[in-house]
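Shown next, in structure tokens, is the structure this report addresses.
If you're wondering where the values come from, they're calculated on a predicted model, not measured in any experiment.
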Amino acid sequence: MVALLSARRFHGLVALASFSLLGVAFYMEYQMGLEPCPLCMLQRIAFFMIGVFSLISALGQNVSWQRKLAWPIVVLSLLGAGLAVRHLYLQSLPMEELPACLPGLSYMFEVFPWQEIMQAMIMGTGECGDVVWTFLGLSIPGWTLVAFATMALINLWIAIKAK
């Protein structure tokens with residue numbers, strides 16, 4: 001039973017979940033036509049980084065290394081959860097209180113300094129307030145919050161209790 005609950009297998013599941021969620025995000029973008037907002041893009045980056053760290057840990061044999069890799073995954077999961085909470089906050093605002101919409105990211109990368117781009121991405125824009133898809137009453141950032149929180153809890157358990 002303990003072998004089934006090893007840190008290595010949990011990290012393998014977290015990596016699979018992270019990359020699967022990215023696959024769903026790309027499906028929603030390219031097949032369903034849902035345009036990702038700046039906060040969505042940052043959440044994708046967080047999922048990618050969590051997936052990479054988890055995959056490295058899952059492929060390793062050393063339990064102490066897996067425990068050490070769990071901490072950056074916890075931090076990335078909490079940062080992703082914070083972005084999801086910000087996204088949910090923007091979705092709860094009335095239309096007149098939403099921040100202004102900005103030009104596309106490709107244009108911003110050509111014209112604006114990176115500090116302004118990062119600030120705009122983290123704070124969100126008007127398009128971040130649109131609820132374009134729901135499942136069981138939760139929007140996309142609601143589901144990403146669930147995923148980030150689950151990944152943070154699993155990795156916190158690995159970092160503290162894994163043997």
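- I45 CD1 to M41 CE: the interatomic distance, rounded to the nearest 0.5 Å, is 6.5 Å.
- Not counting sequence neighbours, the partners of A152 by the side-chain contact (heavy atoms from CB on, under 4.5 Å) test are S77, L78.
- In this structure, L156 and V74 approach most closely via the heavy-atom pair N-CG2, 3.4 Å.
- Connection of M32 to V24 is established within a shared hydrophobic cluster, with ILVMFWY side chains joined at heavy-atom distances below 4.5 Å, either directly or through further cluster members.
- Taking Ile, Leu, Val, Met, Phe, Trp and Tyr as hydrophobic and joining them when side-chain heavy atoms fall under 4.5 Å apart, one finds L79 in a cluster with V75.
- Using a 4.5 Å heavy-atom cutoff, the side chains of L42 and R86 are not in contact.
- Rounding to the nearest 0.5 Å places CH2 of W143 at 11.0 Å from CG of L21.
- Without hydrogens or angle criteria, Q43 side chain to L39 main chain gives a donor-acceptor distance under 3.5 Å.
- Put simply, L69 and F10 are part of the same group of oily side chains (I, L, V, M, F, W, Y) that touch within less than 4.5 Å, one to the next.
- Closest approach of S20 to L16, counting heavy atoms only: OG-O, 2.7 Å.
- Closest heavy-atom contact between M28 and I140: SD-CD1, 4.0 Å.
- Between the side chain of S57 and the main chain of F53, no donor-acceptor pair closer than 3.5 Å is present.
- Tracing side-chain contacts under 4.5 Å through hydrophobic residues (I, L, V, M, F, W, Y), one reaches I56 starting from L76; they form part of the same cluster.
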Evaluate the side-chain contact (heavy atoms from CB on, under 4.5 Å) criterion for residues V14 and I50: first the C-alpha distance (whole Å), next the side-chain angles of each, then the deciding distance (0.1 Å), finally the verdict. CA-CA 8 Å; V14 169; I50 290 167; 3.8 Å; yes
What do the steps show when you test N155 against H11 for side-chain contact (heavy atoms from CB on, under 4.5 Å), and what is the final call? CA-CA 8 Å; N155 282 282; H11 275 151; 2.5 Å; yes
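- Although no hydrogens or angles enter the test, the distance criterion places no donor-acceptor pair under 3.5 Å between the side chain of E29 and the main chain of P36.
- The two residues L22 and R44 come nearest to each other via the heavy atoms CD2-O, 3.5 Å.
- Listed for the S54 side chain is no donor-acceptor partner under 3.5 Å among the backbone atoms of G51.
- Y89 and L145 fall into different hydrophobic clusters, defined by Ile, Leu, Val, Met, Phe, Trp and Tyr side-chain heavy atoms under 4.5 Å apart, directly or through other members.
- Hydrophobic clustering, with ILVMFWY side chains joined whenever heavy atoms are under 4.5 angstrom apart, groups M49 together with L59.
- Looking at C40 and H87, their side chains come closer than 4.5 Å, going by heavy atoms from C-beta outward.
- For residues 22-49, the set of pairs meeting the ring pair (Phe, Tyr, Trp, His ring centres under 6.0 Å) definition, not counting sequence neighbours, comprises F47-F148.
- The two residues P141 and A84 come nearest to each other via the heavy atoms O-CB, 3.6 Å.
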